[in-house]
Amino acid sequence: MEISTIPSGNPVSDERLTEILGNPGFGKHFTDHMLRIEWTPDEGWHDARIEPYGPLSLDPATAVLHYAQETFEGMKAYRHEDGSIWSFRPEENAARMVRSNHRLALPALEVPDFVQAVDELVKVDQRWVPDQAGEKSLYIRPFMFASEAFLGVRPAQHVTFMVIASPAGAYFRGGVKPVDLWLTEEYTRAGRGGMGAAKTGGNYASSLIAQQEASGHGCDQVVFLDGQEGKYIEELGGMNMYFVYDDGRIVTPESDTILEGITRGSIIELAGKLGHQVEERKITIDEWRDGVTSGRIVEIFACGTAAVVTPVGALKWAGGEVPAAHEAGDVTMMIRSALVDVQFGRAEDTFGWMHRIV
Ligand SMILES: *Cc1c(COP(=O)(O)O)cnc(C)c1O
């Protein structure tokens with residue numbers, strides 16, 4: 001794929017960049033450039049370009065604003081000790097976006113084109129990839145949306161794919177701390193045949209009210225149960241879940257309506273290599289409550305690209321609560337460091353997960 005570049009005439013100064021990278025936060029500052037590719041049925045993907053970062057001008061009738069035909073991805077670029085820059089399993093993000101796009105009736109962007117698009121933007125904006133101190137990285141957000149100006153209800157005939165990037169600081173400032181979870185019994189995030197397995201903004205829109213409910217009860221995140229029976233654990237609004245048992249087994253929920261995280265999938269392989277038996281199966285909310293109470297479940301954690309691995313503290317619901325299985329348990333922290341060490345090039349990449357960009 002041919003990608004043209006229009007360099008920014010107004011890049012952030014070195015002084016300002018040092019300031020930003022010193023305390024990047026999350027999703028607040030954006031690199032000097034963005035990447036964009038257009039699609040129409042006649043031309044297919046065309047006009048791939050990197051251009052100065054800036055606002056988009058959209059017709060008020062742009063389809064995505066009305067019918068939410070949109071998908072996105074989340075990934076990171078990591079700077080290794082020697083200055084080189086790497087991404088983690090980018091083909092997995094690319095392949096997942098193809099699956100999400102299929103569900104949202106958006107065109108597929110081929111895996112190599114997706115990977116190339118991300119690589120080229122990171123290369124152009126490589127000075128924005130922070131040093132690895134404090135687990136800093138460059139968060140990358142590829143996304144695709146219905147850009148046709150048309151109010152009829154059908155798949156858009158003009159689609160835009162974009163990549164933007166934003167430096168990210170450590171998710172946990174002051175050390176890894178367990179998060180308390182709220183069990184919502186009113187809201188679900190997905191139903192049978194719905195969009196639960198697609199990475200699309202609509203799933204996030206529908207999770208916000210439950211997230212508000214969680215905050216209102218002093219919790220950090222919300223746990224969703226299956227839509228059909230309200231019995232099986234699905235996932236959090238943007239993270240998958242893991243349960244560690246007293247015999248060393250590790251269990252993660254299996255469901256057609258969860259978003260299968262790349263972190264989740266990587267942990268299945270990694271934990272296996274570390275000697276744990278890993279099971280993907282249905283888990284009921286009662287198994288969680290009873291397991292923690294009886295001591296059979298000894299650790300619980302959530303996982304996703306942004307936070308990598310987060311220990312889970314208490315589970316609360318209307319009228320009850322079970323305490324933390326364990327404060328940041330040993331298995332949780334061992335899996336977390338094993339993964340982070342591969343990402344930052346401090347451990348051997350035995351699975352061939354890392355992809356060199358610079
Ligand atoms: C992105 C996402 C995850 C985590 O996926 P990773 O590939 O591990 O970052 C989990 N759940 C939902 C709903 C998501 O959108």
Side-chain angles (χ1 to χ4, degrees), residues 1-37 47-58 72-90 93-94 113-143 160-176 304-308 337 339-347 349 353-358:
M1 183 176 51
E2 192 75 44
I3 303 176
S4 66
T5 302
I6 305 165
S8 169
N10 189 22
V12 162
S13 71
D14 287 340
E15 292 72 26
R16 178 71 186 126
L17 185 58
T18 306
E19 217 177 293
I20 292 171
L21 298 186
N23 184 18
F26 181 81
K28 285 193 299 196
H29 304 283
F30 296 91
T31 64
D32 295 314
H33 299 88
M34 59 189 190
L35 178 138
R36 188 170 175 155
I37 316 177
D47 201 11
R49 62 198 191 274
I50 290 172
E51 57 191 27
Y53 187 92
L56 304 175
S57 165
L58 293 180
F72 70 96
E73 272 302 321
M75 51 202 290
K76 284 174 171 175
Y78 309 87
R79 195 181 286 281
H80 287 186
E81 204 61 59
D82 64 359
S84 59
I85 298 169
W86 303 68
S87 57
F88 180 74
R89 311 187 77 182
N93 294 94
D113 291 340
F114 175 103
V115 173
Q116 186 195 351
V118 168
D119 285 4
E120 303 270 317
L121 182 70
V122 173
K123 263 182 221 161
V124 168
D125 281 334
Q126 54 181 273
R127 67 189 188 115
W128 285 83
V129 183
D131 284 334
Q132 60 171 257
E135 281 183 16
K136 283 183 204 150
S137 60
L138 183 69
Y139 184 79
I140 302 162
R141 169 53 59 84
F143 59 106
T160 301
F161 170 78
M162 296 193 69
V163 186
I164 57 175
S166 169
Y171 193 84
F172 297 98
R173 265 165 292 150
V176 176
T305 296
V308 197
S337 13
L339 197 52
V340 169
D341 285 348
V342 170
Q343 291 171 334
F344 284 103
R346 300 187 295 247
D349 175 19
W353 282 339
M354 300 308 290
H355 167 81
R356 184 165 185 168
I357 300 176
V358 173

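Side-chain atoms are counted along with the backbone in the values below, which use heavy atoms only and exclude waters and symmetry mates.
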Less than 4.5 Å apart, side chain to side chain, heavy atoms only: is that true for [X] and [Y]?
X: Pro167; Y: Ile20; result: yes
X: Glu81; Y: Gln132; result: yes
X: Pro142; Y: Met75; result: yes
X: Ile6; Y: Ile50; result: no
X: Ile85; Y: Arg356; result: no
X: Thr160; Y: Ile37; result: no
X: Phe88; Y: Asp349; result: no

Trace of the side-chain contact (heavy atoms from CB on, under 4.5 Å) decision for Thr5 with Glu120: CA-CA 10 Å; Thr5 302; Glu120 303 270 317; 5.8 Å; no
Can you name the closest pair of heavy atoms from [X] and [Y] and give their distance?
X: Pro7; Y: Pro52; answer: O-CG, 4.1 Å
X: Met34; Y: Gly54; answer: CE-O, 3.5 Å
X: Pro24; Y: Gly169; answer: CG-N, 3.4 Å
X: Arg141; Y: Phe143; answer: O-CD2, 3.5 Å
X: Leu138; Y: Ser166; answer: CD1-C, 3.6 Å
X: Leu35; Y: Ala117; answer: CD1-O, 3.5 Å

Do [X] and [Y] get their side chains close enough for a donor-acceptor pair, meaning under 3.5 Å?
X: Trp86; Y: His80; value: yes
X: Ser8; Y: Asp32; value: no
X: Gln126; Y: Arg79; value: no

Quick check: does any side chain N or O of [X] sit under 3.5 Å from a backbone N or O of [Y], one acting as donor and the other as acceptor?
X: Asp131; Y: Ala133; answer: no
X: Lys76; Y: Thr305; answer: yes
X: Asn93; Y: Glu73; answer: no
X: Thr31; Y: His33; answer: yes
X: Ser87; Y: Pro90; answer: no

Geometric class of the Phe30/Tyr53 ring pair [parallel <30°, tilted 30-60°, perpendicular >60°]: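 Aromatic pair Tyr53/Phe30 classed parallel.
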Residues Trp353, Gln343; criterion side-chain contact (heavy atoms from CB on, under 4.5 Å); working and verdict: CA-CA 8 Å; Trp353 282 339; Gln343 291 171 334; over 6 Å; no
Carboxylate-amine/guanidinium proximity below 4.0 Å for Arg49 and Asp47: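 Yes, Arg49 and Asp47 are salt-bridged.
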Note: Arg36-Glu51 ion pair, threshold 4.0 Å (strictly below):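 The answer is yes: the pair qualifies as a salt bridge.
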Gap between atom CD of Glu19 and atom CG of Leu21 - 0.5 Å precision: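 Rounded to the nearest 0.5 Å, the CG-CD separation comes to 10.5 Å.
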Worked check of side-chain contact (heavy atoms from CB on, under 4.5 Å) between Val12 and Trp128: CA-CA 10 Å; Val12 162; Trp128 285 83; 3.8 Å; yes
